[in-house]
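The structure appears right after this line, and notes come after that.
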Amino acid sequence: GVFKVLLSFREDYFAQVAAYRTLVAAIEHNHFRLGPMSFEQAVTVVDGGGGHLLDERAEGGREAICTTIVTQVAGAATPAARTTATVDPALLSLFCRELNEQRQAKGKELIDLELVESAEASRIIGDFYRGCMSRVSDASRRFVEERLVLRESRSRESLAEETAKAAGMTAEDIDFLIGKRILRRDEATRRGQARLELTHDVLVAPALEAQERRRAADTHMRELRERRDEAAREKAAQERAAQARELELTQEKLRFSEE
């Protein structure tokens with residue numbers, strides 16, 4: 001009989017799939033690229049996937065709770081921002097899972113607006129970011145937090161994967177962070193050069209916070225070294241002065257004995 005096959009894979013792996021030319025030739029006119037969700041699409045997903053856990057008694061009903069959830073995850077506080085906001089499915093899933101765990105921990109039957117507003121998406125996403133970054137090397141953390149975020153504009157930067165590797169990031173760390181949806185790999189560049197960037201703007205804040213903490217720690221360690229070095233120099237100077245005084249006293253004693 002006739003049957004259909006559906007292939008689903010992340011865009012990161014498209015280059016590897018493209019190597020199978022026979023397969024690509026068969027599907028090149030029958031494929032669909034899933035991009036980031038729009039704000040409205042994310043609201044629909046939340047309502048469709050977990051609407052039965054939302055308190056309909058809230059002002060505005062389930063839709064109000066769904067909208068508040070997506071607003072937190074997308075970082076889109078105003079109606080104008082929502083028109084262009086995109087939502088990463090992995091971060092939305094992370095936030096919703098945390099919400100449900102808090103509901104269970106508090107013995108609530110349903111998720112209400114109060115719970116959503118107290119959940120603090122920035123904290124949940126920040127904790128997730130820090131947990132992932134703690135599992136990669138210091139060189140990888142420094143590259144992501146120093147090179148892939150722009151401090152002044154508080155925005156994301158995109159750099160060649162080769163640049164990341166030259167800075168000390170291993171292929172294992174890159175694949176791990178892509179798998180955790182901290183980074184995304186873009187291979188659809190004009191030069192055919194893979195580039196890396198943070199998956200979403202909401203990850204910029206925890207990356208910059210980590211950058212600030214590390215810079216503060218580096219400054220503290222540098223000041224400690226400078227104070228230690230200064231103390232060592234002062235001690236050496238005092239020892240030299242003491243030796244000079246001792247030599248001077250010895251010479252004075254020799255003069256008295258000769259007289």
Please tell me whether [X] and [Y] are part of a single hydrophobic cluster in this structure, the criterion being side-chain heavy atoms less than 4.5 Å apart.
X	Y	result
V73	L115	yes
V149	L159	yes
L7	F3	yes
L99	V45	yes

Quiz item: Between atom CG of L53 and atom CZ of R62, what is the distance when rounded to the nearest 0.5 Å?
Solution: 10.0 Å

Quiz prompt | Rounded distance [0.5 Å steps], OG1 in T83 versus CZ in F39 | solution = 10.5 Å

Run the salt-bridge test on [X] and [Y] with the 4.0 Å N-O cut-off and return the result as yes or no.
X	Y	result
R215	D218	no
D175	R185	yes
D229	R225	no
E230	R233	yes

Assess whether atom [atom1] of [X] is packed by more than 12 heavy atoms of other residues, nucleotides or ligands within 6.0 Å.
X	atom1	value
E234	CD	yes
E248	CD	no
E161	CD	yes

Identify the heavy atoms of [X] and [Y] that sit nearest to each other, and give their distance.
X	Y	result
L203	R181	CD1-O, 4.0 Å
G168	S137	O-OG, 4.5 Å
V87	S38	CG2-O, 4.2 Å
L113	E59	CD1-O, 4.1 Å
S158	E197	CB-OE1, 4.0 Å
L110	D55	CD1-CA, 3.8 Å

Are any non-hydrogen side-chain atoms of [X] and [Y] less than 4.5 angstrom apart?
X	Y	answer
D127	E98	no
F95	V202	no
R147	T163	yes
L148	L183	yes
E212	E209	no

Quiz item: In a check of side chain to side chain contact (heavy atoms under 4.5 Å, CB included) between R184 and each of L198, T199, D88, which one passes?
Solution: T199

Quiz item: Under the side-chain contact (heavy atoms from CB on, under 4.5 Å) criterion, do H200 and T86 qualify, and how do the steps go?
Solution: CA-CA 8 Å; H200 200 280; T86 59; 3.8 Å; yes

Self-check item: Passing candidate, salt bridge (charged side-chain N to carboxylate O under 4.0 Å, His left out) with E145, options R151, R156, R214, R213
Solution: R214

Exercise. In sequence, state the C-alpha distance, the side-chain angles, and the governing distance for R97 and N100, and then conclude on side-chain hydrogen bond (donor to acceptor under 3.5 Å, both in side chains).
Key: CA-CA 5 Å; R97 184 184 67 198; N100 194 41; over 6 Å; no

